[in-house]
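Everything on this sheet refers to the single structure shown next.
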2 protein chains.
Amino acid sequence: MASASLQEAVSVLKSTNVRMTPQRHAILEFLHSSMSHPTADDIYKSLEERFPNMSVATVYNNLRVFKDAGIVKELTYGDSSSRFDCVTSDHYHVICNDCGKIVDFHYPGLDEVETLAEHVTGFDIEDHRMEIYGTCPECTKMSKQ
Amino acid sequence: MASASLQEAVSVLKSTNVRMTPQRHAILEFLHSSMSHPTADDIYKSLEERFPNMSVATVYNNLRVFKDAGIVKELTYGDSSSRFDCVTSDHYHVICNDCGKIVDFHYPGLDEVETLAEHVTGFDIEDHRMEIYGTCPECTKMSKQ
DNA sequence: TCTTTATTTGTAATTCTTATAATCTATTCT
DNA sequence: AGAATAGATTATAAGAATTACAAATAAAGA
């Protein structure tokens, strides 16, 4: 479950019969370099200059390919559009209710939750995610003024 | 954070200046009776018979009112449409990757996560949610046949 | 290089959700 | 009770995100 580097992601893709295209590489690159959690549109806009002819459909297609390959996760929050996060290691997200900022948060040791859920529900558990909601320091400061 | 009964939900609404209408009551009733986690459209369809003239907008409007009042939570997963869950007590959701079934799952004691997140990120934490993903017994059985 | 097959592109279509304005209904004030 | 006010519903249109589709293009292996 840990595809740390861009290289690793590329080789994961090659192992299935997924071809490497310039667009794909650029999308992966952007996902790995940006520490934020971009939307499909963020990605599209950021690559507009390098790929003036790229279609939005390409971004969506490839995000699905990456998701299926397990190297990218889709995050759906309250807001309209999904965000995408390259799978690096288990971490959670702290999200600001005001401005939407997302901060990574490490908290190990929730494997137990999966084990218990398996026993209680009979599901074959694969994964879990957690989001923590609140107000970020900046927004707190703003509201106090 | 615990509005166990329908009655309680109604009185919460009355305490703000939200009027009780037949449509509102029916939506609340449905949310409380259905142990599933219906989409706006599920709710709309289920009330079609009783309220032939009801608009989808009414469902959406009221779900927002309920959300703002804190008696209903919106759940956004991978699939296209949001699901709604009346706030009863803290619980999490186990979701089937195949058929989308959602099962409630109680796991106390994750307040610590919020505390730690506050310290690490400086956020003013209010809430958290967790989803556990896997394959339900039925879908596992199906795939083995 | 050639062939096969995946991928990209551009556009149209779909779906979910929200905005708007008109109508209607409940509550309040006199 | 009756009028005024504010809130709610309805119907429809608009908006935004995502997907479907068919034609054109490009990658990978023989």
Side-chain angles (χ1 to χ4, degrees), chain A residues 9-30 37-69 71-84 100, chain B residues 9-30 37-69 71-84 100:
Chain A
V10 172
S11 69
V12 166
L13 287 176
K14 279 195 177 156
S15 73
T16 60
N17 49 355
V18 172
R19 293 176 185 170
M20 196 43 54
T21 66
Q23 293 92 333
R24 256 179 204 160
H25 202 275
I27 294 171
L28 273 181
E29 222 168 47
F30 181 76
H37 304 76
T39 63
D41 200 56
D42 291 338
I43 299 170
Y44 176 63
K45 291 221 176 83
S46 79
L47 300 181
E48 217 163 30
E49 242 176 287
R50 269 172 76 194
F51 299 89
N53 294 330
M54 189 170 65
S55 160
V56 212
T58 302
V59 176
Y60 279 103
N61 286 342
N62 287 324
L63 287 171
R64 181 163 35 184
V65 169
F66 299 159
K67 248 172 56 186
D68 291 348
I71 60 181
V72 159
K73 265 192 187 171
E74 181 174 1
L75 310 172
T76 55
Y77 301 134
D79 35 24
S80 40
S81 43
S82 289
R83 297 173 165 278
F84 296 88
Chain B
V10 172
S11 70
V12 166
L13 288 176
K14 278 195 177 156
S15 74
T16 62
N17 50 354
V18 172
R19 294 178 183 167
M20 192 47 51
T21 65
Q23 294 91 333
R24 260 179 200 160
H25 202 274
I27 295 171
L28 273 181
E29 222 169 49
F30 182 75
H37 304 76
T39 63
D41 199 56
D42 291 339
I43 298 170
Y44 176 63
K45 290 221 177 84
S46 80
L47 300 181
E48 217 164 31
E49 242 178 287
R50 269 172 75 194
F51 298 89
N53 295 328
M54 190 170 65
S55 158
V56 211
T58 302
V59 176
Y60 279 102
N61 285 342
N62 287 324
L63 286 171
R64 181 164 36 186
V65 170
F66 299 159
K67 249 172 55 188
D68 292 348
I71 60 179
V72 159
K73 264 192 188 169
E74 181 173 1
L75 310 171
T76 55
Y77 300 134
D79 34 23
S80 39
S81 44
S82 289
R83 297 171 165 280
F84 296 87

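Quick caveat: nothing in here was measured; it's all calculated off a predicted structure. First the proteins, then the strands, lettered A, B, ... as listed; each starts at 1. Worth knowing before you read on, the calculation uses all heavy atoms, side chains too, and leaves out hydrogens, waters and symmetry mates.
In this model, no side-chain donor or acceptor of A:R24 finds a partner on the base of C:dT7 within 3.5 Å. Counting atom types as modelled, A:S81 pairs no side-chain N or O with a base atom of D:dA17 as donor and acceptor under 3.5 Å.
We find that CG of B:N61 is positioned 14 Å from C1' of C:dC16, with the value rounded to whole Å. One can place CG of B:L47 at 11 Å from P of D:dT10, the figure rounded to the nearest angstrom. Nucleotide D:dT18 holds its P atom 11 Å from the CG atom of A:D42, rounded to whole Å. One atom, CG of A:N62, and another, P of D:dA27, lie 13 Å apart when rounded to the nearest Å. Here C:dT25 presents its P atom at 10 Å from CD of B:Q23, a figure rounded to the nearest Å. C:dT23 atom C1' lies 18 Å from atom CE of B:M54, rounded to whole Å. Rounded to an integer number of Å, the gap from A:Y60 OH to C:dA13 P is 19 Å. Taking atom CZ on A:F51 and atom C1' on C:dG10, their separation rounds to 18 Å, with Å as the unit.
A:V18 comes within contact range of the sugar-phosphate backbone alone, with a heavy-atom separation under 4.0 Å but no base atom that close. Residue A:P22 is classed as a sugar-phosphate contact, given heavy-atom separations below 4.0 Å to backbone atoms only. Within 4.0 Å of B:S82, counting heavy atoms only, lie sugar-phosphate atoms of the nucleic acid but no base atom.
Side-chain atoms of A:R19 lie closest to C:dA6 of the nucleotides D:dA20, C:dA6, C:dT27.
Nucleotides of DNA chain C nearest to A:N53 and B:S80 differ in position, and the one nearer the 5' end is that of A:N53. The residue among B:N17 and A:A40 whose nearest nucleotide of DNA chain D lies closer to the 5′ end is B:N17. Across the interface with DNA chain C, nearest-nucleotide mapping of B:M20 and B:D41 shows B:D41 to be the residue nearer the 5′ end.
Taken to the nearest 0.5 Å, the CG atom of A:L28 stands 6.0 Å off from the CG atom of A:L13.
Taking each heavy atom of B:S55 and B:Y44 in turn, the nearest pair found is C-CE1, 3.9 Å.
Look at A:T21 and you won't find any side-chain N or O under 4.0 angstrom from OP1 or OP2 of C:dT7.
Taking 4.0 Å as the cut-off between side-chain N and carboxylate O, A:D41 and A:K45 count as a salt-bridged pair.
Judged by distance alone, the side chains of B:N61 and B:T58 never bring a donor and an acceptor atom under 3.5 Å apart.
Under the 3.5 Å distance criterion, the side-chain polar atoms of A:T76 are matched with a main-chain donor or acceptor of B:T76.
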